[in-house]
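Each remark here refers to the structure printed beneath this line.
Here is how names work: the chains are called A, B, and so on, in the same order as the sequence lines, proteins then strands, and each is numbered from 1.
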Amino acid sequence: MFVDATGLTEDTIIDADLCIIGAGAAGISIAREFIGSTTRVAVLESGDLEFDLRTQSLYTGENTGLPSFDLEVNRLRYFGGTTNHWAGHCRPLDPVDFGQRDWVPDSGWPITRSELEPYYQRAQSIVELGPYEYEDLDFWKELTGLPSLNFDTRRLKTAVYNQSPPTRFGKAYRQELKLARNVTVYLNANVLEIETNETASRINRLRAACIDGPKFFVTANQFILATGGMENARLLLLSNKIAPTGLGNDNDLVGRYFMDHVLLRPGANVSFSDPGLNLQLYSSTHEVGGGNMFAVLAATEKLVRKEKINNFRIHLVKPWDKLKTPVGRIFSEVDAVHGARNHTLNDEPTRQQRRDAIDMHLVLEPMPNPDSRISLSDKLDLFGQQKLAVNWQLKEADLVNARRALQLAALEFGRTGKGRAYGPIFKDPEVWPHNLEAGRHHCGTTRMTDNPKTGVVDPACKVNGVSNMYVTGSSVFPTIGYANPTLTIVALALRLADHMKERLA
Amino acid sequence: MSENPTSARRRTVIKGMAVIAGVSLLGTGVIIAIKPNAQNVADMMASVLQYPRLAKDIGKQYFNKNLQPDDRSVDRITQRVLETIGRGFFETRFTSSDKLINQIIDAVHEDFATENVVIVGGWVLSQTEAQLCALLYLSSIEA
């Protein structure tokens, strides 16, 4: 059922067996697992059922790192969370992403891909995808009737992506949560602090409030923090009355290792030798087999290990697709005239060349970096709570990896006689191109390890040193591979739900 | 009617080279190359490139920005090309460009396979194709 927390009386104490903070992909996935059980679940959602500017303002903060990071737009704070505007690209992390890689400091998940595999399979239907088939490319080639690039698999592979509708969790699962008798979703319920016992080893209750009142409290046997890759860390840091540096932060790790995918859109441009080259498998989404799919170029595990490079994927995108609008066509005409006059080799491909070309959009896994971090700003939000300060940093190795990833693709296009690649990153290899972006996939700030000294949560996602507090979502990823995180977020949530069922039994 | 594989291959590789110059290509030329000098290369490339001026631009950039001073000579570049493509490139009298084109194709693809590449103005190019373009550029200076 849904309860608007603004209707609660002041100092109400809500009691539940399990309290889930946050109703995004992770929180809703866990709550659904308990529908019809005897467990009393309270889900606390900061927002309402629809977007609200004042609630969204709670996500504002300071950016003290790379300028490519836009705090205002890349998260949504209402029921369904950021799934209200996610793109729907889905793929599990590769097995190599879970392992310890000696060239990636602080890499290595405490769980394997195979442990997560059954949860990935369950997550597949939750985000409304077709067949769970990510490895057998022939399966998809047969269904689509489209060819793949004959690249050297020692260098690059064609990786399958599934495309979610995309599932808006807040709409798709609203009705069943509304009907659930044992699950109560409290809307407009902002958790301000996690209050603990005297040794900060157990959560006593949550202090919560609505923007215009009332204030209230939540007690529970177990608590799950599922507010996203940034806010999870912020709430732990804000909960510092007993633990002065923040809850679970004895080793100064909460908020550190903040990661996001490195995006270069485009990273390079490939001019074709053969304008008839069929790249539809990569450049379009295909509705086949009861689902939607597209393909990308990606690093093979062999390449990753041989080159000691971080994982990456490359989307092949037709630049001309962007110019199909009427306004786009006007610019296209102007540019074509200019291009005709400028028909000579210069630094950049001419517009004419781009007609027979494709953009390579790079998505690169960054190095874990303790200096890249979330912390608390001196600025205050509507509740008088410290806002977020984001300091997204990349390492020199990230630039080297980005350049190398694009070069590997350039080599394969040349080797197979399909074209030649141009990119600013080749021309000026010492600096990031001006179009460097963050992928809006916030990870790593409450990293999962099997050693309390190197991580915030243990392999079960329990906060180290706190007996009844769990964290889920992309903040627990110790490394992030190249895959979009949502499928993994849902898989981890389902895994935690199973663990919680045992614990509450 | 099916296409002659060699013709198709020729078009592919030369377009691969030429695409960076923004040109479309034409077909067969007759190559008579006996002595390894820039003019022979210029003749050869002129026979297959519709816009050899653009290949000269590549060659100019490569020659001026990528080569060390000691390597900036027809002889040194020719030597490199010979090492890659084989002496037959200059020493055999070709009756058509097909064999030559195939040699270039193989060399260029091999360059990409073995990472024998060079960055010219932000483009990732085969060393062989960049060297040929440099010889074409030098021939225009000689002329």
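Every residue meeting the side-chain contact (heavy atoms from CB on, under 4.5 Å) condition with B:L67, not counting sequence neighbours, appears here in chain and number order: B:Y62, B:F63, B:D71, B:R72, B:I77. Under the ring pair (Phe, Tyr, Trp, His ring centres under 6.0 Å) criterion, A:H286 pairs with no residue at all, not counting sequence neighbours.
Ranked by heavy-atom pairs under 4.5 Å with chain B, the first of A:G423, A:A268, A:P429 is A:G423.
Rounding to the nearest 0.5 Å gives a distance of 12.0 Å between CG of A:D428 and CD1 of B:I119. Separation of atoms CG (A:L408) and CD (B:E115) is listed at 6.5 Å; rounding is to 0.5 Å. The CD atom of A:E412 sits 10.5 Å away from atom CZ of B:F112, with the distance rounded to the nearest 0.5 Å.
Contact check for A:R420 versus B:L125: side-chain heavy atoms found under the 4.5 Å cut-off.
Of all residues in residues 395-407 of chain A, those placing a non-hydrogen atom less than 4.5 angstrom from a non-hydrogen atom of chain B are A:R404, A:Q407. Taking 4.5 Å as the heavy-atom cut-off, none of the residues of residues 295-305 of chain A approach chain B.
Looking at A:R415 and B:E110, no side-chain N of the basic residue comes within less than 4.0 Å of a carboxylate O on the acidic one, giving no salt bridge.
Heavy atoms only, all atoms of each residue included: B:W123 and A:S271 are closest at CH2-OG, 3.6 Å.
With a threshold of 4.5 angstrom between heavy atoms, B:V117 approaches chain A through side-chain atoms but not through N, CA, C or O.
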